[in-house]
Amino acid sequence: MSIDRKWTSKKKRALEVLLRLKRLYPNATCSLDYTTPVQLLVATILSAQCTDERVNKVTPALFAKFPDARSMAYADILELEELVRSTGFYHNKAKNIQGACRKIVEEFDGEVPQLMEQLLTLPGVARKTANVVSAHAFGNIQGVTVDTHVKRLTNLLGLTSHQDPIKIEQDLMKLIPKVDWENFSIMTIFHGRAICNARKPNCPECELAELCPSANRVVK
DNA sequence: CTCCCGATAT
DNA sequence: ATATCAGGAG
């Protein structure tokens with residue numbers, strides 16, 4: 001048999017995954033360094049296809065030079081590009097950071113808007129970034145943040161069969177209690193980095209293996 | 001769908 | 001050499 005009968009229901013399996021993640025990562029939090037909502041927004045834009053560790057190496061110098069939306073909005077774009085260069089996609093990222101900050105200054109009085117609908121109008125901000133900012137800067141959990149780790153692990157765990165992040169998020173919102181939505185993402189990302197990474201998933205050391213249809217474990 | 005893109009692990 | 005990293009826009 002592939003999976004213990006106790007967890008044949010996808011819902012029960014999801015809740016057991018959640019329980020175990022909480023036990024494994026009781027102190028999991030956002031691993032991006034920031035002090036203001038604008039800084040979190042910028043750090044999250046920079047985190048596209050880049051490790052948080054790398055983002056945290058560039059943001060100290062970036063925020064020392066340009067601490068708020070107003071300073072980034074009218075900064076020399078070449079200087080901005082140079083400061084974020086090592087995170088990759090630096091041309092687009094610098095342009096989006098400046099574009100988002102200009103809009104924040106000109107249309108939102110210098111403050112990051114709190115409504116999802118408004119967040120999503122900022123250049124470089126789509127569902128994933130908006131979820132992160134809404135949850136961590138404003139404590140307003142609107143959905144499940146689906147990044148590359150959440151996408152990979154939830155597919156491996158059989159909690160969704162979709163590849164589209166929006167559809168994955170909709171599946172997860174049905175399986176996970178709302179209060180745990182953001183925490184589930186954070187913990188899944190931690191587990192993705194520590195155990196179930198894309199290059200070499202460590203199934204023998206994985207506490208979720210007996211729940212996971214994809215784990216290469218010995219079948220009884 | 002393609003493009004953006006440097007740093008790092010394998 | 002190649003795959004992957006808290007994605008988003010055209």
Side-chain angles (χ1 to χ4, degrees), chain A residues 21 25 27-34 37-62 77-104 112 116-138 141-156 160 162-169 172 176 180-203 205:
Chain A
L21 285 174
Y25 312 104
N27 300 314
T29 50
C30 175
S31 41
L32 292 168
D33 296 335
Y34 65 97
V38 179
Q39 291 187 358
L40 176 60
L41 174 68
V42 170
T44 310
I45 289 174
L46 290 176
S47 71
Q49 291 295 291
C50 175
T51 61
D52 285 8
E53 191 183 351
R54 168 59 51 188
V55 174
N56 289 336
K57 283 181 181 174
V58 313
T59 45
L62 177 64
I77 190 68
L78 292 179
E79 192 174 358
L80 219 45
E81 284 185 359
E82 193 49 39
L83 283 165
V84 305
R85 189 174 169 282
S86 68
T87 66
F89 300 158
Y90 64 91
H91 198 72
N92 283 342
K93 287 178 181 176
K95 191 167 69 175
N96 285 333
I97 287 168
Q98 183 151 78
C101 286
R102 277 195 187 165
K103 193 156 187 172
I104 287 168
V112 179
M116 279 299 259
E117 192 183 341
Q118 295 174 328
L119 275 171
L120 291 169
T121 67
L122 300 173
V125 178
R127 188 76 195 169
K128 180 251 160 181
T129 301
N131 269 336
V132 170
V133 172
S134 184
H136 297 285
F138 305 128
I141 298 169
Q142 293 286 320
V144 181
T145 301
V146 177
D147 74 321
T148 179
H149 293 294
V150 174
K151 175 182 176 181
R152 185 179 67 255
L153 268 72
T154 54
N155 267 280
L156 289 170
T160 182
H162 287 113
Q163 297 304 305
D164 175 8
I166 303 291
K167 290 183 179 175
I168 295 172
E169 181 175 1
L172 294 176
I176 304 292
D180 293 308
W181 282 354
E182 186 56 24
N183 199 228
F184 175 81
S185 296
I186 296 286
M187 295 186 299
T188 302
I189 290 163
F190 270 60
H191 195 65
R193 291 184 188 135
I195 305 290
C196 190
N197 53 321
R199 296 176 193 271
K200 195 181 163 194
N202 190 358
C203 299
E205 299 290 320

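By convention in this document, chain letters (A, B, ...) are assigned in the order of the sequence lines, proteins followed by strands, and residues within each chain are numbered from 1. Bear in mind that the values here come from a model prediction, so they are computed numbers and not experimental data.
Nucleotides dA6(C) and dT2(B), compared at atom P, are 24 Å apart to the nearest Å. As rounded to the nearest Å, dC5(B) and dG10(C) have P atoms that lie 14 Å from one another.
For Thr148(A) and dC5(C), the shortest distance from a side-chain N or O to OP1 or OP2 is below 4.0 Å.
Among the atoms of the strands shown, only primed sugar atoms or phosphate atoms (P, OP1, OP2) are found under 4.0 Å from some heavy atom of Val125(A).
In plain terms, the two heavy atoms of Pro123(A) and Gly99(A) that are nearest each other are CG-C, 3.4 Å.
Within the 3.5 Å criterion, the main-chain N or O of Gln118(A) finds a donor-acceptor partner in the side chain of Thr121(A). A distance-only check finds no donor-acceptor pair linking the side chain of Arg127(A) to the backbone of Val146(A) [under 3.5 Å].
Arg152(A) has its CZ atom 11 Å from the P atom of dG7(C), to the nearest Å. Counting to the nearest Å, the P atom of dC5(C) and the CG atom of Asn56(A) are 17 Å from each other. In this structure, CG of Asp147(A) is placed 10 Å from C1' of dC5(C), rounded to the nearest angstrom. As a whole-Å value, the separation of Leu41(A) CG from dG8(C) C1' is 13 Å. The CG-C1' distance, from Asp164(A) to dG7(C), rounds to 13 Å in whole Å.
The stretch residues 37-48 of chain A participates, sequence neighbours left out, in no salt bridge (Lys or Arg N to Asp or Glu O under 4.0 Å) pair at all.
Other residues, nucleotides and ligands contribute over 12 non-hydrogen atoms within 6.0 Å of the CD atom of Glu79(A).
Between the side chains of Lys128(A) and Ser185(A), no donor-acceptor pair of N or O atoms lies under 3.5 Å. Residues Gln39(A) and Asp33(A) have side chains that never bring a donor and an acceptor to within less than 3.5 angstrom of each other.
For residues 184-202 of chain A, proximity to DNA chain B is found at Arg199(A), defined as any non-hydrogen atom under 4.0 angstrom from a strand atom. Within residues 81-95 of chain A, the residues that place at least one heavy atom under 4.0 Å from DNA chain B are, in residue-number order, Arg85(A), Ser86(A), Gly88(A), Phe89(A), Tyr90(A), His91(A), Asn92(A).
Comparing atom distances between the Glu182(A) side chain and each of dT8(B), dA6(C), dA9(C) picks out dA6(C) as nearest. The side chain of Cys30(A) lies closest to dA6(C) when the candidates are dC5(C), dA9(C), dA6(C).
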